[in-house]
Amino acid sequence: MLGARRGWCRARLVLSATVALVAAAAGQTPAQARVPCRPGPGTTTIAHSAKARIFEYERDGNDYACLYSNGHARYLSSSEHYAYRLVRFAGAYVAYVENIAAIDDHIGVVNLRTGRIYSYQEVRPIENGVCPQVDSLVLKGDGAVAWIGTNFLAEGFCLSPPGPAIEVRRYDRRGLRTIDTGTGIVPTSLRLSGSRLRWQNAGHARSAALL
């Protein structure tokens, strides 16, 4: 009986070590490796596509993103403090506008194969600027991303008309750049067709490449 118990304990240790090694190779902790990827009991889907989803795991209250083809849950944040205003899926990537404690928006892009998270500032800092907001977001399958962000002036307590600038920003293989600015930009107008960005500024159609 004692020998059988020792054998069972050894088997458990080997299994635990195997799980830890597999999780480490995937860039996850053992706890993350046990978080279910596909929809089911104990999870609440926040946003999804045919290939991936963002969800809350009820057991720990955290938010995760997952690509169904590899089954690895990628930790995003604590759902107690974050919300996802805009979400876009493309290829093995997901991009989102993350609202932190109902104060500021934030741009995040996750490579769901590797778990790497990229973070971008929604607009450039301005004097007396508060509550930057993002109303357009597009994503390519290689992780290139673009958005339109609006600056507000502190005197308006986030309810005033747009501040001194609305910005179209993009991040691609050339790095982060503001490609248009002005109060005439329509915040919800950004579109992506192939590798071409299109938006409206003061009644005029404008475009740029997203490489």
Side-chain angles (χ1 to χ4, degrees), residues 46-49 51-52 54 63 65 76-77 82-114 116-211:
I46 297 169
H48 69 95
S49 69
K51 298 180 180 180
I54 291 177
D63 293 339
L76 294 182
S77 64
Y82 295 81
Y84 303 88
R85 296 185 51 249
L86 297 174
V87 179
R88 302 289 182 263
F89 295 92
Y93 289 83
V94 60
Y96 49 81
V97 177
E98 188 175 56
N99 187 265
I100 304 174
I103 297 175
D104 292 337
D105 281 348
H106 172 74
I107 304 295
V109 178
V110 183
N111 183 331
L112 295 174
R113 287 199 178 98
T114 66
R116 183 174 179 182
I117 298 179
Y118 305 81
S119 298
Y120 307 112
Q121 189 173 33
E122 60 285 308
V123 288
R124 292 175 298 176
I126 62 169
E127 186 177 356
N128 296 322
V130 295
C131 305
Q133 179 172 309
V134 176
D135 291 300
S136 290
L137 177 70
V138 297
L139 175 70
K140 284 181 63 179
D142 62 359
V145 65
W147 63 92
I148 297 179
T150 302
N151 286 316
F152 293 89
L153 293 177
E155 289 81 358
F157 298 102
C158 307
L159 300 177
S160 66
I166 304 173
E167 298 178 351
V168 182
R169 308 194 89 189
R170 61 104 175 108
Y171 184 89
D172 60 12
R173 67 184 67 171
R174 297 164 294 181
L176 178 63
R177 183 180 176 185
T178 300
I179 56 177
D180 196 13
T181 183
T183 57
I185 295 173
V186 179
T188 58
S189 65
L190 188 63
R191 301 291 185 271
L192 177 64
S193 178
S195 295
R196 202 73 191 168
L197 295 167
R198 303 184 189 280
W199 67 95
Q200 295 288 323
N201 187 343
H204 299 286
R206 295 193 177 181
S207 67
L210 185 65
L211 301 179

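By convention here, the first residue in the shown sequence is residue 1. Worth knowing before you read on, the calculation uses all heavy atoms, side chains too, and leaves out hydrogens, waters and symmetry mates.
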Under a 3.5 Å distance rule, please check whether [X] uses its side chain to pair with a backbone N or O of [Y] as donor and acceptor.
X      : Y      : answer
Arg191 : Val138 : no
Trp147 : Asp135 : no
Ser136 : Pro187 : yes
Ser49  : Lys51  : yes
Arg170 : Gly175 : yes

What distance separates [X] [atom1] from [Y] [atom2], expressed to the nearest 0.5 Å?
X      : Y      : atom1 : atom2 : result
Leu86  : Leu139 : CG    : CG    : 12.0 Å
Glu98  : Leu76  : CD    : CG    : 7.0 Å
Arg88  : Leu137 : CZ    : CG    : 5.5 Å
Trp199 : Ile179 : CH2   : CD1   : 4.0 Å
Leu197 : Leu192 : CG    : CG    : 5.5 Å
Arg198 : Ser193 : CZ    : OG    : 6.0 Å

Item to complete: Give the intermediate values and the outcome of side-chain contact (heavy atoms from CB on, under 4.5 Å) for residues Val94 and Val87.
Response: CA-CA 7 Å; Val94 60; Val87 179; 3.7 Å; yes
Worksheet item: Do the side-chain N and O atoms of Tyr84 and Asn99 include a donor-acceptor pair separated by under 3.5 angstrom?
Response: no
Worksheet entry | Qualifying residue, where the test is side chain to side chain contact (heavy atoms under 4.5 Å, CB included) with Glu122 and the options are Val97, Asn151, Val134 | Val134
Discussion item. Between Thr181 and Val168, is the side-chain contact (heavy atoms from CB on, under 4.5 Å) condition met? List the steps.
Written reply: CA-CA 6 Å; Thr181 183; Val168 182; over 6 Å; no
Worksheet item: Under 30°, 30 to 60°, or over 60°: which ring-plane class applies to Tyr93 and Tyr118, parallel, tilted or perpendicular?
Response: tilted
Worksheet item: Is the CZ atom of Arg196 crowded by more than 12 outside heavy atoms at less than 6.0 Å?
Response: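 Above 12, so yes.
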Item to complete: Give a yes or no on this: more than 12 heavy atoms of other residues, nucleotides or ligands lie within 6.0 Å of atom CZ of Arg85.
Response: yes
Fill in: Test log, rule side-chain contact (heavy atoms from CB on, under 4.5 Å), inputs Val109 and Ile117
CA-CA 6 Å; Val109 178; Ile117 298 179; over 6 Å; no
Exercise: identify the closest heavy-atom pair between [X] and [Y]:
X      : Y      : result
Thr183 : Ile166 : O-CD1, 3.8 Å
Arg206 : Asp180 : NH1-OD1, 2.8 Å
Ala95  : Val145 : CB-CG2, 4.2 Å
Ile148 : Ser189 : CD1-OG, 3.9 Å
Ile54  : Ala65  : CG1-CB, 4.1 Å
Leu176 : Tyr171 : N-CD1, 3.3 Å

Practice prompt. Would you mind checking if Lys140 and Asp172 are paired as a salt bridge, meaning a charged N to carboxylate O distance below 4.0 Å?
Written response: no
Worksheet item: Does some side-chain heavy atom of Leu211 sit less than 4.5 Å from a side-chain heavy atom of Arg174?
Response: yes
